[in-house]
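Position 1 is the first residue of the sequence, and the numbers go up from there. Just so you know, these numbers use all the heavy atoms, side chains as well, and skip hydrogens, waters and symmetry mates. We count ligands from 1, going down the list as the structure has it; atoms in each ligand are counted the same way.
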Amino acid sequence: MTVLSFRSVLWSCLGVSFLKLAHARLEERGIVTSPEAFEAMNFDFVIVGGGTAGLTVAARLAEEEGWTVGVIEAGQYRPNDAIIDVPKNFGTAVGNANYDWIYTTVPQTNLNGKQVRHPRGKVLGGSSAINFEIFNRPAKGEFSGWSALNLGLGSWSWSGLLPYFKKSETYKPPRPEDVFPLASTTRRRAFQRRQNTTEAADAFFTAADSALGPTALNVDDLLAAASDGSDTVSKRDDAYHGSSGPVHASHNEWYSDLANPYILSMNNLGVSTNFNPDSGDNVGIYNTPASVDRDAGVRSYAAPAYYAPNAGKTNFLVLTGAQATKINWKSSDDNGLAVAESVSFVVNGVSYSAKASKEVILSGGVFNTPQLLELSGVGNPSILNPLGITTKINLPGVGENLQDHPYVSLSFTVKPGYHTWDELRNNATFAAQAAAQYAATKDGILASNVGVLSFFPLQSFLSTSKILSIVSTLVSDLVSSTSSMSLLRIAQSVLQLAWLSNQSIPQVEIVMIPGFNPTGTVTAPAAGTNYMILTAALQHPFSRGTVHITSTDPLTKPAIDPKYLSNAFDKTVLLEAVKYIRNTIATSAPISNFIATFNDPPASSTSDAQYEDYMKVALESLKHPVGTSALAPKELGGVVSPQLLVHGSKNIRVVDAGIFPMHISAHAQCTTYAIGEKAADIIKASW
Ligand SMILES: Cc1cc2nc3c(=O)[nH]c(=O)nc-3n(C[C@H](O)[C@H](O)[C@H](O)COP(=O)(O)OP(=O)(O)OC[C@H]3O[C@@H](n4cnc5c(N)ncnc54)[C@H](O)[C@@H]3O)c2cc1C
């Protein structure tokens, strides 16, 4: 359809009622405030969720002039909002209902019943508007695992995703003076100790081979994928970064006084500085890019990146303040595939529906997409039947396979006289000067965020005998539970076990936060005190959780159960990482010279039992839940095909972080944008 004919349809629809027309403010910037006007449209694509991936795929589909794209977003459009825009304000939207869905988990059995907070963005731009702005990429070998699970179909490998990482970003390299000053420039391989943990895992591989027997997957192929280092691209300087994409990525220009000594301590411990972490080799300590438009000094997120530049387009409309409640069906096609024809949504308690002549795209995120699928009859009949929901597609994988990065933070008080973020809290004059600087030049401490990350395998901080003992317990657990595991989980466990010997697949991330951070810290900050926080996060937990509806009321939150630390491997590795921070990093010069006291846990905590007790109180989510609409074959328990179509449907796709079939050693947004970009090309090629 041409833009002209689209406009005529638009106006004839609006002409149905003069009253409706009066209310139908198709405002400048493409935001529709009238649900009646939105309902009157005939969209080609209806996208549920104007978040990170949703706006990405919407904007790219709207590049096709003949296609009409309608986005239903529960939150509001909030341009020029300092809570979102000022980089250092990251975290302040969490818990505020104007920005956040404010989810919490069900009580966690292994955390003494603790309910873990799970913020999710409820605003145009979704979680990209409220996240902590870290903008990094995983190890390329992790995508070999995604690819292997999907039998190589759809190119979900590193080389199949790299073009989309690049397409989504405009990358600004660090200024020469900001590249980890004082850090070693010698690229040393950090981890010399090697052992073959796959031999110890043989008992499980045998059990897995027999369980996977009837499927097209086999253990040999999975093991080959787990050690795959061949998926490379040319190493030209610009081979990895994009220069004209919608999301701006840049590096800090303000660093705390803790950055250099901390980096040096890590270098001294054998953790090398990695100067090209976006290359698919992310092991080491590095200066992470952030989703910050450095020239403007503001957060770069999906709304300004993908929506605002296209807001004038008449074929790209966004309805805010509207929550999608159900997919509506027409008769199945000749192949028995379910066909969606519209999406119901509710605004201020009134129900409407939006017509989709081509596709319904679900981009509501890792919790809300499975919720909408289940409300629409797509899922496990044993969950749907008791609620009186008729099963339209029997798909037991919906809402399963929830994976997250659990973390534990340790805080240390810092000796007086060093610059950290705490000065903004402790020193009113400094805070006023920082605000004035930011207002004038959009830089300085208020334009900064977390800059220093490190990722490493177990071999970097555990002895060979400790690793083999961890693997041996893990293998026994897996062998004894193989018969109750889904095939997807069995295949994932083969990959994850093999990754334990592949030292280019990080298992732990440690984040250095230069100042008190309310998330994940137990004790409130003392007046006039500065802090350093070191956070250990598991990258590839073996625990798996779920998200499922408990009611047919679409406004009732689903039950989120990550089952944190339900696998002994997760608890042991997190405990060892906590001990590594406390006993090794914090006691290594030069950073040890900056530390005044051990704060959380206190100096009196020294035993494993005390650390475990602390972990149960302090454990939080790094806010990277993924996997609940897994990209994997239906026979394994997956939810979407390599084309991102919901198995058993003709025209429903999922495009959000829920499709990650396995977790990655990176924060989730970069990969989620890449998924949105790739999805758009898949969809364009299919019509
Ligand atoms: C507090 C926080 C900090 C984080 N920090 C980082 C970080 O530093 N770096 C990083 O890489 N990642 C980070 N993440 C994770 C990352 O931001 C997310 O994984 C990613 O943005 C998810 O994208 P998505 O498209 O799957 O979902 P979202 O971006 O959350 O988008 C979903 C959208 O759908 C809307 N929606 C949902 N249901 C409905 C419905 N029924 N009807 C209408 N609209 C609906 C939501 O309101 C939302 O706008 C963080 C996340 C949070 C919450």
Parallel, tilted or perpendicular: rings of [Y] and [X] (30°, 60°):
{"X": "His118", "Y": "Tyr564", "value": "parallel"}
{"X": "Phe345", "Y": "Phe38", "value": "perpendicular"}
{"X": "Trp156", "Y": "Trp146", "value": "tilted"}
{"X": "His663", "Y": "Phe660", "value": "perpendicular"}

At under 4.0 Å between heavy atoms, which part of [X] makes contact with ligand 1: side chain, backbone, both or neither?
{"X": "Asp100", "result": "neither"}
{"X": "Phe90", "result": "neither"}
{"X": "Ser363", "result": "backbone"}

Between the side chain of Asn401 and the main-chain N/O of Pro661, is any donor-acceptor distance below 3.5 Å?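 At least one qualifying donor-acceptor pair exists.
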Backbone N or O of Thr92 within a donor-acceptor pair of the Asn89 side chain at under 3.5 Å?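 A pair under 3.5 Å: no.
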Any nitrogen or oxygen of [X], side chain or backbone, less than 3.5 Å from one on ligand 1?
{"X": "Val123", "answer": "yes"}
{"X": "Phe132", "answer": "yes"}
{"X": "Ile130", "answer": "no"}
{"X": "Ala657", "answer": "yes"}

In the protein, what heavy atom is nearest to [atom], and what distance, to one decimal place, separates them?
{"atom": "atom 22 (C) of ligand 1", "value": "Thr52 OG1, 3.9 Å"}
{"atom": "atom 28 (P) of ligand 1", "value": "Ser127 N, 3.5 Å"}
{"atom": "atom 35 (C) of ligand 1", "value": "Glu73 OE1, 3.2 Å"}
{"atom": "atom 34 (O) of ligand 1", "value": "Gly49 CA, 3.2 Å"}
{"atom": "atom 8 (O) of ligand 1", "value": "Ile134 N, 3.0 Å"}
{"atom": "atom 27 (O) of ligand 1", "value": "Gly365 CA, 3.8 Å"}
{"atom": "atom 31 (O) of ligand 1", "value": "Gly51 CA, 3.3 Å"}
{"atom": "atom 36 (N) of ligand 1", "value": "Trp101 CZ2, 3.8 Å"}

If you measure from [atom] to every heavy atom of [options], which option wins on shortest distance?
{"atom": "atom 12 (N) of ligand 1", "options": "Gln323, Lys623, Glu133, Gln669", "value": "Gln669"}
{"atom": "atom 18 (C) of ligand 1", "options": "His118, Gln76, Arg120, His624", "value": "Arg120"}
{"atom": "atom 46 (C) of ligand 1", "options": "Gly121, Gly95, Ala53", "value": "Gly121"}
{"atom": "atom 44 (N) of ligand 1", "options": "Gly676, Ala74, Pro119", "value": "Ala74"}
{"atom": "atom 4 (C) of ligand 1", "options": "Asn131, Ile72, Val343, Asn368", "value": "Asn131"}
{"atom": "atom 40 (C) of ligand 1", "options": "Ala666, Ala324, Ser128, Gly75", "value": "Ala324"}

Within ligand 1, which atoms have a heavy atom of Gly126 less than 4.0 Å away?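 Answer for ligand 1: 29 (O), 31 (O), 48 (C), 49 (O).
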Taking only heavy atoms of Val94, which atoms of ligand 1 are found under 4.0 Å from at least one of them? 1 (C)
Please name the residue in the list Lys623, Arg299, His667 that meets the side-chain hydrogen bond (donor to acceptor under 3.5 Å, both in side chains) test with Asn131. Arg299
Quick one: closest heavy-atom pair of [X] and [Y], and the distance?
{"X": "Thr288", "Y": "His251", "value": "O-ND1, 3.6 Å"}
{"X": "Ser641", "Y": "Leu631", "value": "O-CD1, 3.3 Å"}
{"X": "Ser291", "Y": "Gln669", "value": "OG-NE2, 3.0 Å"}

Does this structure show an ion pair linking Lys166 with Glu677, if we count only N-O contacts that are shorter than 4.0 Å? no
Just so I know, are the side chains of Tyr99 and Val94 near enough to count as touching, which here means a heavy-atom distance under 4.5 Å? no
Within a 6.0 Å radius of atom NZ on Lys392, are there more than 12 heavy atoms belonging to other residues, nucleotides or ligands? yes
Tell me, please: is Ala290 in heavy-atom contact with ligand 1, that is, under 4.0 Å?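 The answer is no: ligand 1 sits nowhere under 4.0 Å from a heavy atom of Ala290.
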Would you check whether Thr672 reaches within less than 4.0 Å of ligand 1, judged by its heavy atoms?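 For ligand 1, residue contact (heavy atoms, under 4.0 Å) with Thr672 is present.
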Check for me whether Lys88 meets the cation-pi criterion with Phe90, that is, NZ or CZ under 6.0 Å from the six-membered ring centre and within 45 degrees of the ring axis. yes
